[in-house]
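Predicted, not measured: the structure shown is a model, and the values here were computed from it.
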Amino acid sequence: MAANEHTQDEHPGPADPPAREFRMADLAREAGITVRTLRFYRERKLLPAPRREGRIAWYNEHHLARLRTIGALLERGHTLGGIAELFSAFEAGRDVGELLGLENPLVPPWSEETPVRLTPEELADHFSEDITAENLSTSLDIGYLAVDGDEFVHISRRLLDASTELVGRGVPLAAVLETGRQVRAHADALAGIFTTLIRTHLLAGLLESTDTGACPSPDDVDLLAATVEKLRPLAKGVVEAELAMAMDRRVRAEVAAWLREQEAGTARQDRGEPRAGAEHRGPDGQEA
């Protein structure tokens, strides 16, 4: 066995192929643009600086991907100024590890969301002209999006699909994001309520018995994880039931108010009274 391991160490697997690099003319040809256009993009700071070797500038696959993204966004109607703002917001975005919380937790995560990788042009396909630097910055700030290399990562397939559907039905993306921000705040408040309930009534003994500054024992970690795991479906069920009932109450109230307005308008018309808002208008329709 030891001999086999020694042999494997002496014969490592194939090395990764070296990253491709291009001189300016070669990069322009690969991207399907002219050298003059490439220089223009550099002057507009749409491309990162190349690697310098003496007087020669070397570009890589990242530059090629950026040029293809620029072309795709231009085809979708974005201006170079708007693209520059998008790239600025993109480069200021949070790292994907920060978004997804890739640190090692003591307990399993409650969330079952599936992250989605998107190129900038794929993100533009989802939201069309609503992809602006302001909306992109808001998405990064809320935590819906993070940056991973030349791509975005959306934190949740379900949230992405819901946002796409709402924008497709005519709701501005800015309004969707503001609603998402408010929902996030209320969700955090709900999480705080359940956390307090669990800490106060179910884990008080465990938390009090652990010495300050001491690492929890494996048994303590197992108990914590098991308690949280058992309560996860209960908390989700409570929130889902309460939200469904609250939506029923709110929808019924909105429909009832609308019906009362319709009935009042019909009654005024039956009495020959002007409709609401028309009392002070003259025969020509202008306000008297």
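Between Leu64 and Arg68 there is a side-chain heavy-atom pair separated by less than 4.5 Å. Between Phe22 and Asn60 the shortest side-chain heavy-atom distance does not fall below 4.5 Å. With a 4.5 Å cut-off on side-chain heavy atoms, Leu67 and Glu30 do not count as touching. The shortest side-chain heavy-atom distance between Leu80 and Leu74 falls under the 4.5 Å cut-off. Within the 4.5 Å cutoff, no side-chain heavy atoms of Val255 are placed close to those of Arg252.
With rounding to the nearest 0.5 angstrom, the OG1 atom of Thr138 is 8.5 Å from the CG atom of Leu173. Taking OH of Tyr144 as the reference point, atom CG of Leu177 lies at 7.0 Å (rounded to 0.5 Å). Separating the NZ atom in Lys230 from the CG atom in Leu202 is a distance of 10.5 Å, to the nearest 0.5 Å. Annotation: the span from Ile198 atom CD1 to Leu234 atom CG amounts to 9.5 Å, rounded to 0.5 Å.
For CD of Glu134, the number of neighbouring non-hydrogen atoms (other residues, nucleotides, ligands) closer than 6.0 Å is 12 at most. More than 12 heavy atoms of other residues, nucleotides or ligands sit less than 6.0 Å from atom CZ of Arg51.
Here side chain to side chain donor-acceptor pair (under 3.5 Å) pairs that include residues 233-249, with residues two or more places apart or in two chains, number zero.
The pair Arg158-Asp161 does not count as a salt bridge, with every side-chain nitrogen at least 4.0 angstrom from each carboxylate oxygen.
When Met24, Arg29, Glu43, His63 are each tested for a side chain to side chain contact (heavy atoms under 4.5 Å, CB included) with Leu38, only one passes: Met24.
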Full working for salt bridge (charged side-chain N to carboxylate O under 4.0 Å, His left out) between Glu263 and Arg260 = CA-CA 5 Å; Glu263 291 172 356; Arg260 286 195 298 271; over 6 Å; no

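Residues Arg55 and Arg52 come closest through the heavy atom pair O-NH1, 3.7 Å.
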